[in-house]
Amino acid sequence: MAGTQIDVFAKVRGHERAEQLRAAREADVLPYFRVLEGPARPVVEMEGAERIMLGSNNYLGLTGDERVMQGARDALDRYGTGLTGSRLLNGTTPLHLELEAEIAQWMGTDDAIVFTTGHQANVGTLGTILAPGDTVVADSGDHASILDGCLLSRSKLRPFRHNRMDKLERTLEKAAGDNGGILVVVDGVFSMEGDVAPLPAICELCERFGARLMVDEAHAAGVLGARGAGTAELLGVEERVDLRMGTFSKSLASCGGFIAGSAEVVEFLRIQSRAFLFTASSVPAAVGAALAALRIIRTDEGRELMARVLENARYLRDGLEERGFAVGAPQPLPGGDAVVTPIVPVLVGDDWKAVFLWRALYDAGVFVNTALHPAVPPGGALLRTSVMATHDRATLDRALAAFASVKDAFEAEHGTLPGPGAH
Ligand SMILES: Cc1ncc(COP(=O)(O)O)c(C=O)c1O
């Protein structure tokens, strides 16, 4: 039999991003894989200089908290560096069980299951609870791990346009004709734009069409709601959401993920989810840190930290708008209030402009994240800034001054940036 002429590695050469990456590297404007040389704090050491960190998900600033670090150390001392196997076989410690029980209490659900990463929580839940014959309806802005789980399940995927309830309704009408079970899955807070899903309207539509609802609270758990239980709590629909997903890699200052929900679904995942069964358990230090962070979140101090991160977000958003940048509007809430989540995107539009603006800010001592297509829609490049509860006003003022100081020179060289109201 003749062999193939096609090299399976051919795709690694000359792919559509290769030229862009090469040019960005040559101009030393590549915003990715920059090296952090110390702890993730409000001001960090990166590549030989101090930079204000506006590009992390350490919303409560707990990664450097002595009690959280002690939680990790105690777990390390007691259970060692790793568990060398899955939760099913030899990877469950009392810390895992305590963490699952406390998450279920925190979320107000029957039960919760802890995965090794948040990505695995999504893939391992969607890939298990959905099957061929079912339909999954997903917001087009959902996190990549949601999409991965949907694809893995081989259920019918019906995406709808980001946060558009008319489109969701139409999609559910079509999904009803598929004649299988229906799951709607949305981010509570969207990871790049920081906007909030209109959960009351989504719940209503799910109820009308007999669909189940899963909400990814990765950026909302430990941030939104009086208990920090996320968007579902903030919007008063906890009882109407079937599955709530969260990660430990953001407010909980560690690494790992969870699903909280009914006992029967969680138990099914425990015995069926391949991303749970066929991977090593989280290392004890990660579980110990997450548990310590969760215990802080559930106290008055946690509530103060959550209030502070939201105040900081509003301060940064308003400050950027005053300085002529295009930031999103505060999100209206039922009852007349509005919220600015800790993710404050600055719209730039063009990919290269975003990359050059990122570099100018980096040189001015501020690190932000750059989101280009496909992380955002084409032509929607943005700088994703985010705050911590532990940023003080003086540091945020310095960051705002850096934004203001680079703007004129940047626009003279690269053209105008979108202004307030352009989002
Ligand atoms: C919305 C959302 N869901 C899931 C994940 C995956 O979580 P993790 O980083 O813990 O794997 C992330 C973060 O990367 C996220 O932003």
Side-chain angles (χ1 to χ4, degrees), residues 32-33 36 40 55-60 62-63 96 99 103 107 112-127 136 138-152 159 162-163 183-197 199 202 213-224 229-232 234 241 243-261 269 273-276 279-283 285-287 289-291 293-294 309 341-345 369-371 374-376 382 384-387:
Y32 306 126
F33 302 108
L36 192 63
S56 99
N57 300 307
N58 187 15
Y59 299 129
L60 301 184
L62 290 175
T63 60
H96 289 85
L99 184 55
I103 288 168
M107 290 283 141
I113 173 172
V114 163
F115 289 74
T116 305
T117 67
H119 186 283
Q120 283 167 311
N122 272 335
V123 169
T125 301
L126 293 161
V136 58
D139 186 293
S140 60
D142 279 353
H143 190 258
S145 54
I146 293 179
L147 183 63
D148 293 348
C150 295
L151 295 176
L152 181 71
H162 176 51
N163 265 353
L183 179 76
V184 173
V185 55
V186 295
D187 286 8
V189 168
F190 287 85
S191 52
M192 291 297 139
E193 303 274 4
D195 49 347
V196 173
L199 290 184
I202 294 174
L213 174 61
M214 172 168 161
V215 179
D216 177 333
E217 300 278 22
H219 296 274
V223 175
L224 297 182
T231 325
L234 178 76
V241 175
L243 291 176
R244 289 147 77 189
M245 176 274 176
T247 72
F248 306 145
S249 61
K250 307 185 196 302
S251 293
L252 282 110
S254 182
C255 195
F258 69 83
I259 296 288
L269 295 175
S273 173
R274 294 169 69 84
F276 178 77
T279 195
S281 162
S282 350
V283 295
V287 182
L291 193 52
L294 178 57
V309 72
T341 72
I343 302 166
V344 178
N369 287 137
T370 310
V376 288
L382 54 87
R384 177 196 188 271
T385 72
S386 55
V387 286

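In listed order, ligands and their atoms are each counted from 1. Note that this is a predicted model, so its numbers are computed, not measured.
Each of the atoms 12 (C), 13 (C), 14 (O), 15 (C), 16 (O) of ligand 1 lies under 4.0 Å from some heavy atom of Lys250. Of all atoms in ligand 1, numbered sequentially from 1 with element shown, those under 4.0 Å from a heavy atom of Asn122 are 3 (N), 4 (C). Per-residue contacts place Ser191 under 4.0 angstrom from the following atoms of ligand 1 (heavy atoms of the residue considered): 16 (O). Proximity to Gly256 (heavy-atom distance under 4.0 Å) selects the following atoms of ligand 1: 10 (O). Distances below 4.0 Å separate heavy atoms of Ser249 from the following atoms of ligand 1: 8 (P), 9 (O), 10 (O). For ligand 1, the atoms closer than 4.0 angstrom to any heavy atom of Ala218 are 1 (C), 2 (C), 3 (N), 15 (C).
Of the candidates Ala144, Gly188, Gly118, Gly118 brings a heavy atom nearest to atom 8 (P) of ligand 1.
No side-chain donor from either of Asp187 and His219 sits under 3.5 Å from a side-chain acceptor of the other. Judged purely by distance below 3.5 Å, without hydrogens or angles, the side chains of His162 and Asp195 pair a donor atom with an acceptor atom. One side chain, Ser145 or His143, offers a donor N or O that lies under 3.5 Å from an acceptor on the other.
Annotation: atom 11 (O) of ligand 1 to nearest protein heavy atom, His119 N, 2.8 Å. For atom 16 (O) of ligand 1, the closest non-hydrogen atom on the protein side is His219 NE2, 2.6 Å. With respect to atom 3 (N) of ligand 1, the closest heavy atom belonging to the protein is Asp216 OD2, 2.6 Å. In this structure, atom 7 (O) of ligand 1 lies nearest to the protein heavy atom Thr247 CG2, 3.2 Å. Looking at atom 12 (C) of ligand 1, its nearest protein heavy atom turns out to be His143 NE2, 3.3 Å.
Atom-to-atom distance recorded for Asp148:CG and Gln120:CD is 11.5 Å, nearest 0.5 angstrom. The distance from atom CG of Asp216 to atom CG of Leu126, rounded to the nearest 0.5 Å, is 9.0 Å. For the atom pair CG (Leu183) and SG (Cys150), the distance works out to 7.5 Å, reported to the nearest 0.5 Å.
For the side chain to side chain contact (heavy atoms under 4.5 Å, CB included) criterion with Glu193, the lone passing option out of Val344, Thr341, Leu382 is Leu382.
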Exercise for review: Starting from the C-alpha separation in whole Å, work towards a yes-or-no answer on side-chain contact (heavy atoms from CB on, under 4.5 Å) for Val387 and Tyr59.
Suggested key: CA-CA 6 Å; Val387 286; Tyr59 299 129; over 6 Å; no

**Study point:** Candidate pair Asn163 and Phe190, rule side-chain contact (heavy atoms from CB on, under 4.5 Å), full reasoning
**Key:** CA-CA 10 Å; Asn163 265 353; Phe190 287 85; 3.7 Å; yes

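Ser145 counts as a contact of ligand 1, since one of its heavy atoms falls under 4.0 Å from the ligand.
At a heavy-atom cutoff of 4.0 Å, ligand 1 is contacted by no atom of Gln120, backbone or side chain.
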